[in-house]
Amino acid sequence: MEKRTHHCGELRPTDAGAKVRLVGWIDSVRDHGGVLFVDLRDREGLTQVVVHPGERSIDEALAHFKPESVLEVEGEVVLREESTINPRMVTGEVEVAARRVELLNQSRTPPFPLEEGKAEKVGEDLRLRYRYLDLRRRRNFEALRLRHRTAQAVRRALDAEGFLEVETPVLFKSTPEGAREFLVPSRLNPGDCYALVQSPQQYKQMLMVAGVERYFQLARCFRDEDLRADRQPEFTQIDLEMSFIDREDLYGLIERLMAAVWREVEGTELSLPFPRLSYAEVMNRYGSDKPDRRFGMELVGLDDLFAESAFKVFAGALASGGTVKAVNAQGLADLTQGELKHLEETAKSLGAKGLAYIKVENGEWRSPILKFLSAGERAGLEERLALKEGDVAFFAAGDWEGSCTILGRIRLEAATLLEKRGQLHRDPRDWRFLWVVDFPLMLFDAEEGRYLAAHHPFTAPVEEDLELLDREPQAVRGQHYDLVLNGVELGGGSIRIHRADLQKKVFEEVLGLDPQVVEDRFGYLLEAFSYGAPPHGGIALGFDRLVALLADRASLRDVVAFPKTQKGQDLMAAAPGSVTERQLRDLYLQAVEA
RNA sequence: GGGGUAGUAGCUCAGUUGGUUAGAGCGCCGGCCUGUCACGCCGGAGGCCGCGGGUUCGAGUCCCGUCUAUCCCGCCA
């Protein structure tokens, strides 16, 4: 094989007459009996190779070459005749007249078509099994390239801000609370296990104690939880930590980082700073802690309107300390029975007893709950929800968080239905960044009967709430922040606790962890804090999610080179797989019945 | 652990009320074709109807179970 002179997306009319050598894959063969065409493809593009009847040895060979075979072509660049120019190809004004071709490797017939438009419809399991073929497709390769460019932009921007890229161990130890972990048995320490890091949280705090001051890493993280379209068992975070900062410093840094990435990768200027909303406000207005603010349809609070209501479902919810809210899906009164049923089931799956609604059709209100509403209540609803012809409003009544969440989901489902009707559009290139702040530090877990850290136990309380820590832990706000973009939680972080006494108090007194467990799991961390830990804080952003948004792809699998299925399998390599008895014995493990 | 959707030719799909020989397009194989770029034309091969059980004279079709993929709930400090 000789070296190529050009790649397949490169030749232009100004190259006419040049002797060139191309290498690539056969994208398609069009054999006309006399003249024969081959589209040769490499990662940069497509070039048409033409073989004229005079070159009999070549066309006889080529006619039998199969698509996806690897080919080397030598020939001359010629201008195409006016009528044969292909305006849809960037190389469409020229072609390479072959003088010599060499088959570098014959391909079997691919198990699925690789052409755009056909490949998308092929079952994903088949495409994952032959991932190396699916990645040959332009669209998928470009996702990998976009990921690379994003990573480079992140590195450049953070380097310019004075950050050091430091690699931290993947083999860590098991930590109480948090995600389920992948365990790795230790051969040298019989019976003991490593755990793969859920995130480098503790290591990066140690780097702050070590005086690194500004650390970042494109960190691989592992969580043995059930998968979703936006969750892979191994994933990548833009993980960073800074010393001597407050929340404002962090917000500014991340805003500059996002602006740099968008400038380089998207070619757009983001408007800074990003808006900030409290957790309470986004829940009240959008029913989600990661709201999509590309459209309105905000939730409306109705507590005062129904406090004295004769409608027991609403009045009862309020009497027991809950809330009544509604959302007006403007223009959706024409929803079908099936769509309505689907919405009801969505609400029920989130804990609702049902889904009350009011439709406005032909100037009339239609609703199963109409008969329970007083004239005053109807007037109040009409005004607050701005109900007009063609609208449908949905209601939720019950505990505050649950009701907000239910309507938040209804809001998103309604948006999808309106989008189908062409009445609403969520532009994937309409970038609505948002900081969500003022999260509660603790949440009470009714099942376990104790408080759990809302984010993680290293989050520092807001200074002025410190005194509430003993009396009213649920009222303490954490110095935690989430970065949200178009309904996707890009990541979160916090200012950390850096004093050993406060950290110990949170572990033992507030979270109620056993002192021995605290010593075993976090002893080294508390010890480190006693040697002059600087005030510090940081954030971790989901790199895969970031790339998926930039690439406008629905699933993380589309922006990961070799993704895992919902059962955590790599269908191409067939991982995980069984191991031998001998391997288990070396690790002091024994298989038990499943 | 739970709910939804899908599984018929290599791929994408159709398959009526349960009815005897399961179809189409693309791909594949063979032939023809000197300007195509989704080339075209002619011919051909190709099926464990996901798997297991049941109902029935008869099952791709109905019932039960199961497997796989996917979306969601739980879970994801």
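A note on names: the letters A, B, ... follow the listed sequences, proteins ahead of strands, and every chain is numbered from 1. Any value given below was found using the heavy atoms of this structure, including those in side chains, with hydrogens, waters and symmetry copies removed.
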Suppose we screen for side chain to side chain donor-acceptor pair (under 3.5 Å). Which residues come up paired with [X], at least two apart in sequence or across chains?
{"X": "A:Q474", "result": "A:Y451"}
{"X": "A:N486", "result": "none"}
{"X": "A:E508", "result": "A:K504"}
{"X": "A:R139", "result": "none"}

How does protein contact run along nucleotides 30-36 of chain B, one letter per nucleotide 5' to 3', with B for base contact, S for sugar-phosphate only, - for none, heavy atoms under 4.0 Å?
-> ---BBBB
Considering only the C1' atoms, how many Å lie between B:C11 and B:C41, rounded to the nearest integer?
-> 24 Å
P atoms of B:G47 and B:A9, separation to the nearest Å | 10 Å
Salt bridge (charged side-chain N to carboxylate O under 4.0 Å, His left out) with A:R137: which of A:E142, A:E68, A:E120, A:E115?
-> A:E120
Test side chain to side chain contact (heavy atoms under 4.5 Å, CB included) applied to [X] - qualifying residues, sequence neighbours left out:
{"X": "A:L468", "result": "A:D465, A:R471, A:E472, A:A475, A:V476"}
{"X": "A:R43", "result": "A:F141, A:R145"}
{"X": "A:L79", "result": "A:P13, A:A16, A:V94"}

On RNA chain B, check which nucleotide each of A:P67 and A:P457 is closest to and give me the residue with the more 5' one.
-> A:P67
Short heteroatom pairs, N/O only, protein and nucleotides 70-73 of chain B, under 3.5 Å:
from	atom 1	to	atom 2	distance (Å)
B:U70	OP1	A:Q566	N	3.3
B:U70	OP2	A:Q566	N	2.8
B:U70	O3'	A:R557	NH2	3.1
B:C71	OP1	A:R557	NH1	3.3
B:C71	OP1	A:R557	NH2	2.8
B:C71	OP2	A:R557	NH1	3.4
B:C72	OP2	A:A229	N	3.4
B:C73	OP1	A:R409	NH1	3.4
B:C73	OP2	A:R228	NE	3.1

Watson-Crick or G-U wobble partner for [N], using a 3.5 Å limit on both distances?
{"N": "B:C29", "answer": "B:G43"}
{"N": "B:C76", "answer": "none"}
{"N": "B:G7", "answer": "B:C67"}
{"N": "B:C62", "answer": "B:G54"}

Salt bridge (charged side-chain N to carboxylate O under 4.0 Å, His left out) involving A:D42 - partner list, sequence neighbours excluded = A:R4
What residue pairs, at least two apart or across chains, pass salt bridge (charged side-chain N to carboxylate O under 4.0 Å, His left out) with a residue in residues 561-572 of chain A?
-> A:E234-A:K564
Detail all sub-3.5 Å separations between protein N/O atoms and N/O atoms belonging to nucleotides 3-10 of chain B.
from	atom 1	to	atom 2	distance (Å)
B:G10	O2'	A:P111	O	2.6

